[in-house]
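This is a predicted model, so every value here is computed, not measured. All values below were derived from every heavy atom in this structure, side-chain atoms included, with hydrogens, water molecules and symmetry-related copies excluded. Every chain is numbered from 1, with letters handed out A, B, ... down the list of sequences.
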Amino acid sequence: MAWFKRTKKGIQTPTENKKDVPKGLWYKSPTGKIVDAEQLAKNFYVSPEDGYHVRIGSKEYFEILFDDNNFKELDKNLSSKDPLKFEDTKKYPHRLKEAEKKTGLKDAVRTAVGKSMGEDLVIACMDFTFIGGSMGAVVGEKITRAADYALKKKIPLLIISKSGGARMMEAAFSLMQLAKTSAKLAQLSDAKVPYISLCTDPTTGGTTASFAMLGDINISEPGALIGFAGPRVVRDTTGKELPDGFQTAEFLLEHGFLDFISHRKDLKKNINKYIDLLLNRPLRVPA
Amino acid sequence: MEYLDFELPIKELNEQLEKCTVIGKESDVDVTETCKQIEKKLIATKKDIYKNLTPWQRVLLSRHPNRPYTLDYIKAICGETFLELHGDRGVKDDKAMIGGLGKIGDQSFMFVGQQKGYNTKTRQYRNFGMANPEGYRKALRLMKSAEKFRIPVVTFIDTPGAYPGLEAEERGQGEAIARNIFEMSKLKVPIIVVIVGEGASGGALGIGVGDKILMLENTWYSVISPESCSSILWKSWEFKEQAAEALKLTATDMKKNKLIDAIVKEPLGGAHTDRETTFKTVSKEILKAYEELKNLSPKDLVEKRMNKYFEMGPYKS
């Protein structure tokens, strides 16, 4: 005999009377704080209680940085080839298709031009959700073209890095993107067009070893992981325990590789303030 | 002489030949014919083995313990004219990255390159050819000084990667490599790059941007080592042969994909089997590359170099 008996019937609310679960989406930050997704979006995707900066992509950064989310996307249709017929446990074209389906993106970077606080700004923003934000020929080419656009039109350039590094499936082609993008940035630098590098969580490998560290200023968001070798590789190679906060934005600031760290809500203001100061023009007032 | 696994048939024949010669010397038996036959077989076997090397076997050859290293090349090529220069003027002198001035014929060159050791002690001293940020900054200091005095630059690449250490991260390994790539892309003197051993990723490219990129026949150059590639993509170290295959990291593949400019032939069996010939060939190839570059104006030189890199990497538009 059952020792427990239901005295009333189970759920009795008819389906049509059920309350709508508010979006059904909650976000849990690493410290365990729970935020409603809508709240989170309103707060620049920063968890309000603990200040945790949630990883976001080009869609959100464009929204945050371009006035009224108005921008013209550049080189929208570039997509990856499979020059090496690369196959590991999966075929590379298969991986690409999967990533495209999952993310709705063509590759791991989107580039655009638009107004930010009333002035033109070119932004190249990486998307980590697309094969770990890895840099292959498309990422290299789009960043190079965005820099070239900035160069020709004399518009300041912002690159938002968020990448695990080079894309292995394009092997040496992907390695050469470090040289390709850096060469274009060298031209941009000689033309004295400002370039701001924003390193976001995570910025590692080939990205760090090229454009991410080459800004007139390099900046970041709180807590972002930034490094050349990933923390696991460093631990495995050296056999040493890594100190607390190793390779965080704060660590890089302390060691002299970042100019400042900005809360995401102040990014737009801070980037434009730097540009105004650098170009010796009156400071714009945030709307 | 050390042999790799796939070279064992050669080892066997070499031993036979040696025995044969000894017998000939110590007894009255006429071994001339037998020895000749072994020699013939040896040449045929060598040709057969080295003609059909798999990418992984080339990787093994590029790491052969008897293979000449950067300083061997420079000392052989420049002789007494070489003057080694040290230090990054900031932190220290990185022993994994060497550099200095030397002459080939009448022309001075600035040499830079990763250096490996030849026994346990020197391997440690050279940090296995894995430079720290100081190494890249030392290299850049020397290259900038070469630019100032209009001296062409030659770099020798032989590294399993930039060192992934704690201090290396603290002192900005990524920044150091990025800075070198940036500065090398616009350096106003000719840069000739020779891959003499391993060319691993950013650690290689950190001294690898140039006008002429030459790869010795039994070397590899890619974005990652086959072992690490195997561990990341296959989640196991066991697939290094497949990874080596997939990465298309041999000189032939790199040339086919237009990522390097020329392949430098090695003696049959690899650079280490006949060092003198290897040094002579490399010296000749450097001069040949320099001849093609020396009359370009700094502006044309840099423009040509940059345009070459702008072309790299296919995509669908």
Side-chain angles (χ1 to χ4, degrees), chain A residues 75 77-81 83-84 86-89 136-138 140-141 144 166-180 182-187 189-190 204-206 208-214 226-230 233-234 237-238 240 242-243 246-247 251-252 255-257, chain B residues 133 161-166 168-179 181-186 199 201-206 208-209 221-224 228-230 232-235 239 242-243 246-249 253-254 257 259-260 302 305-307 309-317:
Chain A
D75 305 304
N77 291 320
L78 294 201
S79 65
S80 288
K81 266 187 173 174
L84 302 175
F86 196 94
E87 185 175 355
D88 47 271
T89 52
V138 170
E141 180 68 16
T144 305
R167 188 171 296 169
M168 260 177 283
M169 301 78 159
E170 293 184 29
F173 284 115
S174 102
L175 179 64
M176 295 310 157
Q177 303 311 306
L178 277 67
K180 183 188 205 168
S182 303
K184 185 54 78 179
L185 289 174
Q187 290 183 344
S189 170
D190 285 348
T204 59
T208 311
S210 59
F211 51 84
M213 281 292 137
L214 293 174
I226 308 163
F228 174 64
V233 176
V234 177
T237 312
T238 57
K240 285 184 199 159
L242 306 179
F246 182 62
Q247 294 184 320
F251 177 92
L252 266 90
H255 284 93
F257 294 98
Chain B
Y163 188 58
L166 250 159
E169 291 293 319
E170 270 175 14
R171 295 195 290 265
Q173 188 70 287
E175 195 276 343
I177 293 171
R179 186 67 48 202
I181 296 172
F182 179 90
E183 291 290 346
M184 287 181 90
S185 76
K186 60 173 190 163
S201 199
L205 194 64
V209 177
Y221 190 10
S222 196
V223 72
I224 191 166
S228 304
C229 180
S230 160
I232 294 173
L233 291 182
W234 280 268
K235 317 249 184 279
F239 295 85
Q242 277 103 310
L247 286 168
K248 304 281 188 293
L249 43 62
D253 284 320
M254 289 293 282
N257 288 328
L259 297 174
I260 60 160
V302 171
R305 184 188 308 148
M306 285 189 171
N307 285 340
Y309 285 97
F310 292 150
E311 290 302 311
M312 287 182 187
Y315 49 83
K316 286 187 259 184
S317 54

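Proximity to chain B is limited to the side chain of A/Phe246, based on heavy atoms less than 4.5 angstrom apart. Neither the backbone nor the side chain of A/Asp75 has a heavy atom closer than 4.5 Å to any heavy atom of chain B. If you measure heavy-atom distances from B/Gln242 to chain A, you find no contacts under 4.5 Å at all. Both the backbone and the side chain of B/Leu166 come within less than 4.5 Å of a heavy atom of chain A. A/Ser189 touches chain B through its side chain: at least one heavy atom from C-beta onward sits under 4.5 Å away, while N, CA, C and O do not. Proximity to chain A is absent for every atom of B/Arg305, based on heavy atoms less than 4.5 angstrom apart. Of the two parts of B/Met184, neither the backbone nor the side chain holds a non-hydrogen atom closer than 4.5 Å to a non-hydrogen atom of chain A. For A/Glu87, the part sitting under 4.5 Å from any heavy atom of chain B is the backbone (N, CA, C, O) and nothing else.
Taking 4.5 Å as the limit, every side-chain heavy atom of B/Lys316 sits out of range of all side-chain heavy atoms of A/Leu78. By the 4.5 Å heavy-atom criterion applied to side chains, A/Phe86 and B/Leu233 are counted as neighbours. Contact of the A/Lys81 side chain with the B/Tyr315 side chain is not registered, since no non-hydrogen atoms from C-beta on lie closer than 4.5 Å.
Shortest non-hydrogen contact noted between B/Pro164 and A/Thr238 is O-CG2, 4.2 Å. Of all the heavy atoms in B/Phe310 and A/Glu141, the pair that sits closest is O-OE1, 4.1 Å. Nearest heavy-atom pair across A/Ala172 and B/Ser222 is N-OG, 3.8 Å. Residues B/Met306 and A/Ala183 come closest through the heavy atom pair CE-O, 3.5 Å.
Interatomic distance, B/Tyr309 OH to A/Met176 CE, rounded to the nearest 0.5 Å: 6.0 Å. Atom-to-atom distance recorded for B/Ile224:CD1 and A/Arg167:CZ is 14.5 Å, nearest 0.5 angstrom. Taking NZ from B/Lys186 and CG from A/Leu185, the interatomic distance works out to 11.0 Å, rounded to the nearest 0.5 Å. Here CD of A/Glu170 is found 11.5 Å from CG of B/Asn257. Values are rounded to the nearest 0.5 Å. In this structure, CG in B/Leu247 is found 11.0 Å from CG in A/Leu175, a value given to the nearest 0.5 Å.
Residues satisfying the ring-ring contact (aromatic ring centres under 6.0 Å, His included) criterion with B/Phe239, sequence neighbours excluded, are B/Trp234.
Here A/Ala171 is the residue among A/Ala137, A/Ala171, A/Gly205 with the most heavy-atom pairs under 4.5 Å with chain B. Of all the listed residues (B/Ala162, B/Gly174, B/Gly313), the one sharing the greatest number of non-hydrogen pairs under 4.5 Å with chain A is B/Gly174. Among A/Thr208, A/Leu214, A/Leu84, A/Asn77, the residue with the largest count of heavy-atom pairs under 4.5 Å with chain B is A/Leu214. Comparing B/Leu249, B/Ile177, B/Val209, B/Leu259 by how many heavy-atom pairs each has under 4.5 Å with chain A, the most go to B/Leu259. For the set B/Met312, B/Arg179, B/Glu169, B/Lys248, the count of heavy-atom pairs under 4.5 angstrom toward chain A peaks at B/Glu169.
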